[in-house]
Q: 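Structure incoming, see below.
Side chains included, hydrogens not; waters and symmetry mates left out as well; all remaining heavy atoms used. Counting starts at 1 for both ligands and their atoms, in listed order.
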Amino acid sequence: MAVTQRINDLNELPLISRQRRERVLSGIQPTADSFHLGNYLGAMRHWVNMQATHDCFCFIPDLHAITMAHDPAALARRTRVAVAQLLAVGIDPQRSTLFVQSHVPEHSQLAWVLGCITGFGEASRMTQFKDKSSKGGAERASVGLFTYPVLQAADILLYQADAVPVGEDQRQHLELSRDLAQRFNKTFGNTFTVPEPHIVKDTAKITDLQSPTAKMSKSASSPQGIVNLLDEPKAIIKKFRAAVTDANREVIFDPEHKPGISNLLTIYSSFSGKSVPDIEAGYAGRGYGDFKSELAELVVEALTPIRERTQQYLDDPAQLDAILADGATKARAVAGHTLAAVYERVGFLTA
Ligand code: ATP
Ligand code: LTN
């Protein structure tokens, strides 16, 4: 296709349209056999709710999942389980575009271009890289782990996302995505929407039940501190009963002095829909025991249908594949459009 023809097409189909619904995009890595309460309350639940008002893109970043050493069979299994869990919590493939990152080659293609406008020093300041690379010795960290945030920027900018709902740990990566969008726009002409982070303060950092000042994380050392969406009721009850709490016996929200009980209160409030002061009032004078076991019951009640629905999706792999094929087609239509504009603007010849 002639270059002028392509430019005309781009003008007809503005990349950054003012008329469309606000677009949100987010992803969650397939790095465990189950997602956990932090992923659910900090991120996934917001994606589900935003489907009513936004044009949602929701994906599994499997390219990101190979930045650390991984087992190929586990990655394939976890990618399926990840998609099944997203469907089970309420991501609706009719309303949202649900896809797997590696099915859309434009992510890697845009990441290369963005990598060429990212400073080495800028990438070196990413705290997640510092944390993750220090675990195995910085020398042995992969270049992929280093450029991880650039690929993340490509994920976001390809879809012209207005907002990116994530937990607090992703704030710095979003800042980089914004910087790269602005830098590209300034250098090569207006091309990308500059995305806003959407971080819901109350649930932005759910902490580990065993170390209540650390983020609940798939890669945490002790499984006892992580409540998984796919845990059996018995395991959930056991983990809440053993949750580390604080010296006195009052159920009071005070993150600085009582991080354990405050984290449990946040979880309680999210699942019950009750405000923290109402919950505090309900447990006045009753101590931790009742509170913990009633919280465990609430969580079991909420997670049981999610676990059952996940299994139903896993039992029908053909349906899962069809959903993903459809999602990839929808995603590529948008991603291809942005990438064509980028290639044009940086001066690549039309193939
Ligand atoms: P890993 O340990 O493999 O880095 P993770 O458990 O931190 O994984 P991610 O896949 O990195 O999870 O994150 C998926 C989404 O869940 C992101 O939006 C992230 O901000 C959010 N998230 C992860 N952990 C928490 C948490 N403890 N509290 C709130 N949000 C969280
Ligand atoms: N780094 C993210 C996962 C991720 C992501 C994205 C989140 C990859 N690409 C794009 C939002 C938008 C994480 O949650 N650890």
Q: Less than 4.0 angstrom from a charged side-chain N to a carboxylate O is my criterion; do Glu297 and Lys292 meet it?
A: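 Answer for the salt bridge query: no.
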
Q: With a 4.0 Å heavy-atom cut-off (strictly under), which part of Ile28 contacts ligand 2: side chain, backbone, both or neither?
A: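 Under 4.0 Å from ligand 2, Ile28 contributes no heavy atoms.
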
Q: Among all protein heavy atoms, pick out the one at the shortest distance from atom 1 (N) of ligand 2; state its residue, atom name and that distance to 0.1 Å.
A: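 Result for atom 1 (N) of ligand 2: Tyr148 OH, 2.6 Å.
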
Q: Give me the one residue out of Arg95, Arg23, Lys330 that meets salt bridge (charged side-chain N to carboxylate O under 4.0 Å, His left out) with Asp55.
A: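 Of the listed residues Arg95, Arg23, Lys330, the salt bridge (charged side-chain N to carboxylate O under 4.0 Å, His left out) partner of Asp55 is Arg23.
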
Q: Can Lys201 and Glu168 be counted as an ion pair, charged N to O under 4.0 angstrom?
A: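 The answer is no: the pair does not qualify as a salt bridge.
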
Q: What protein heavy atom sits nearest atom 2 (C) of ligand 2, and how far away is it?
A: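 Answer for atom 2 (C) of ligand 2: Gln170 OE1, 3.4 Å.
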
Q: Which ligand 1 atoms, with their elements, are less than 4.0 angstrom from a heavy-atom of Ile28?
A: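 Answer for ligand 1: 10 (O), 14 (C).
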
Q: Knowing that exactly one of Val166, Leu174, Asp169 qualifies, which makes a side-chain contact (heavy atoms from CB on, under 4.5 Å) with Ile199?
A: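 So the option named by the test is Val166.
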
Q: Among all protein heavy atoms, pick out the one at the shortest distance from atom 6 (O) of ligand 1; state its residue, atom name and that distance to 0.1 Å.
A: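 Going atom by atom, the protein heavy atom closest to atom 6 (O) of ligand 1 ends up being His36 NE2, 2.7 Å.
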
Q: Tell me which protein heavy atom sits closest to atom 3 (O) of ligand 1, plus the residue, atom name and distance to 0.1 Å.
A: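 So the nearest neighbour among protein heavy atoms is Thr31 OG1, 3.2 Å.
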
Q: Among all protein heavy atoms, pick out the one at the shortest distance from atom 1 (P) of ligand 1; state its residue, atom name and that distance to 0.1 Å.
A: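 Closest protein heavy atom to atom 1 (P) of ligand 1: Ser219 OG, 3.6 Å.
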
Q: Which of the atoms in ligand 2, numbered in the order shown and given with their element, are less than 4.0 Å from a heavy-atom of Gln29?
A: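 Listed by number with element, the hits are 15 (N).
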
Q: Taking the six-membered ring for Trp, are Phe120 and Phe146 ring centroids under 6.0 Å apart?
A: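 Yes, close enough.
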
Q: Short list, please: which atoms of ligand 2 are under 4.0 Å from a heavy atom of Ile156?
A: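 Close to Ile156: 10 (C), 12 (C).
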
Q: Whether the side chain of Glu250 engages the backbone of Glu280 through a donor-acceptor N/O pair (distance < 3.5 Å, no angle test) should be reported.
A: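 Answer holds: no.
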
Q: For Asp208, state whether at least one heavy atom is located under 4.0 Å from any atom of ligand 1.
A: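 No.
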
Q: Could you tell me if Asp92 and Gln51 have a donor-acceptor pair between their side chains, going purely by distance under 3.5 Å?
A: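 Not at all, the side chains of Gln51 and Asp92 share no donor-acceptor pair under 3.5 Å.
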
Q: How close does the nearest protein non-hydrogen atom get to atom 28 (N) of ligand 1, and which residue and atom is it?
A: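 Minimum-distance protein heavy atom for atom 28 (N) of ligand 1 reads Ile206 N, 2.9 Å.
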
Q: Is Val164 close enough to touch ligand 2? Criterion: a residue heavy atom under 4.0 Å from a ligand atom.
A: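 Right, Val164 reaches ligand 2.
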
Q: Show which atoms of ligand 1 fall inside a sub-4.0 Å distance from at least one heavy-atom site of Gly167.
A: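 With Gly167 as reference, the close atoms of ligand 1 come out as 18 (O), 19 (C), 20 (O), 30 (N).
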
Q: Checking side-chain polar atoms at under 3.5 Å, does Thr127 have a donor or acceptor matched by the opposite partner on Gln172?
A: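 Side chains of Thr127 and Gln172: pair found under 3.5 Å.
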
Q: Once you restrict to heavy atoms under 4.0 Å, what part of Ser217 touches ligand 1? Side chain, backbone, both or neither.
A: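 Both the backbone and the side chain of Ser217 come within reach of ligand 1.
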
Q: Say whether, by atom type as modelled, one donor and one acceptor occur between the side chain of Asp62 and the main chain of Ala65 under 3.5 angstrom.
A: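 Such a contact is absent between Asp62 side chain and Ala65 backbone.
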
Q: Give the numbers and elements of all ligand 2 atoms closer than 4.0 Å to a heavy atom of Leu25.
A: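 With Leu25 as reference, the close atoms of ligand 2 come out as 10 (C), 12 (C).
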
Q: For Leu295, run the side-chain contact (heavy atoms from CB on, under 4.5 Å) check against Ile236, Val251, Leu264 and tell me which one passes.
A: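 It is Leu264; the other options fail the test.
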
Q: Give the residue and atom name of whichever protein heavy atom lies nearest to atom 5 (C) of ligand 2, and the separation in Å to one decimal.
A: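 In this structure, atom 5 (C) of ligand 2 has Gln152 NE2, 3.6 Å as its nearest protein heavy atom.
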
Q: Ala43 heavy atoms, cut-off 4.0 Å: which ligand 1 atoms fall inside?
A: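 Answer for ligand 1: 15 (C), 16 (O), 18 (O).
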
Q: Answer with side chain, backbone, both or neither: which part of Thr203 has a heavy atom less than 4.0 angstrom from an atom of ligand 1?
A: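 Contact part for Thr203 vs ligand 1: backbone (N, CA, C, O).
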
Q: Between the candidates Ile60, Val166, Asp169, Asp131, which shows the shortest non-hydrogen contact distance to atom 20 (O) of ligand 1?
A: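 Of the listed residues, Asp169 has the closest heavy atom.
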
Q: Who's the nearest protein heavy-atom neighbour of atom 22 (N) of ligand 1, and how far?
A: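 Scanning the protein heavy atoms, the shortest distance from atom 22 (N) of ligand 1 goes to Asn39 ND2, 3.8 Å.
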
Q: Do we see a donor-acceptor contact under 3.5 Å between the side chains of Ser293 and Arg241?
A: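 There is no such pair (donor and acceptor under 3.5 Å, judged by atom type) between the side chains of Ser293 and Arg241.
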
Q: Pull out every atom of ligand 1 sitting under 4.0 Å from any heavy atom of Gln170, numbered as shown with elements.
A: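 Selected atoms, number and element: 20 (O).
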
Q: Would Arg345 and Phe188 count as a cation-pi pair here, with the cationic atom under 6.0 angstrom from the ring centre and within 45° of the axis?
A: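 Negative - Arg345 is either too far from the ring of Phe188 or too far off its axis.
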
Q: Quick one: does Ser96's side chain have a donor or acceptor within less than 3.5 Å of a partner on Pro93's backbone?
A: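 Judged by distance alone, no pair lies under 3.5 Å.
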
Q: If only side-chain N and O atoms count, and only distance matters, is there a donor-acceptor pair under 3.5 Å linking Thr31 with Lys218?
A: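 There is such a pair between these side chains.
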
Q: Just heavy atoms, cut-off under 4.0 Å: does Lys132 contact ligand 1 by side chain, backbone, both, or neither?
A: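 The part of Lys132 near ligand 1 is the side chain, not the backbone.
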
Q: Taking the minimum heavy-atom distance to atom 5 (P) of ligand 1, which of Lys205, Gln29, Lys215 ranks first?
A: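 Nearest heavy atom to atom 5 (P) of ligand 1 lies in Lys215.
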
Q: Measure the distances from the heavy atoms of Met44 to every atom of ligand 1 and state whether one is below 4.0 angstrom.
A: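 Per 4.0 Å heavy-atom rule, Met44 does not contact ligand 1.
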
Q: I'd like to know if Asp290 pairs up with Arg286 as an ion pair, taking the criterion as any Lys NZ or Arg NE/NH1/NH2 lying under 4.0 Å from an Asp or Glu carboxylate oxygen.
A: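 Answer for the salt bridge query: yes.
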
Q: Return the residue, atom name and 0.1 Å-rounded distance of the protein heavy atom closest to atom 24 (N) of ligand 1.
A: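 Result: Met216 O, 3.4 Å.
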
Q: For atom 30 (N) of ligand 1, grab the closest protein heavy atom and report residue, atom and distance to one decimal in Å.
A: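 The answer is Gly38 O, 3.2 Å.
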
Q: What atoms in ligand 2 come closer than 4.0 Å to a heavy atom of Ser26?
A: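 That gives atoms 11 (C) of ligand 2.
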
Q: Using a heavy-atom cut-off of under 4.0 Å, does the side chain or the backbone of Gln101 touch ligand 2, or both, or neither?
A: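 Answer for Gln101: neither.
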
Q: Please find the pair of heavy atoms, one from Gln170 and one from Gln152, that lie closest to each other, and give the distance.
A: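 So the minimum-distance heavy-atom pair works out to OE1-NE2, 3.1 Å.
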
Q: Strictly below 4.0 Å, N to O, side chains only: are Arg80 and Asp321 in salt-bridge contact?
A: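 Asp321 and Arg80: salt-bridged.
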
Q: May I ask you to check whether Asn49 and His46 show a side-chain donor-acceptor distance below 3.5 Å?
A: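 No, no side-chain donor-acceptor pair sits under 3.5 Å.
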
Q: Any atoms of ligand 1 less than 4.0 Å from a non-hydrogen atom of Gly42? List them with their elements.
A: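 Per the distance check, 29 (C), 30 (N).
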
Q: Quick one: look up the protein heavy atom nearest atom 10 (O) of ligand 1 and list residue, atom name and how far away it is.
A: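 Minimum-distance protein heavy atom for atom 10 (O) of ligand 1 reads Lys218 NZ, 2.6 Å.
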
Q: Starting from atom 9 (N) of ligand 2, which protein heavy atom do you reach first, and at what distance in Å?
A: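 Closest protein heavy atom to atom 9 (N) of ligand 2: Asp155 OD2, 2.6 Å.
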
Q: Is it the side chain, the backbone, both or neither of Phe59 that has a heavy atom closer than 4.0 Å to ligand 2?
A: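 For Phe59, the contact with ligand 2 is made by the side chain alone.
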
Q: What part of Ala204 sits under 4.0 Å from ligand 1 if we count only heavy atoms: the side chain, the backbone, both or neither?
A: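 Backbone only.
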
Q: Between Tyr268 (side chain) and Ser275 (backbone), is there a donor-acceptor pair under 3.5 Å?
A: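 The answer is no, because no donor-acceptor pair under 3.5 Å joins these two groups.
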
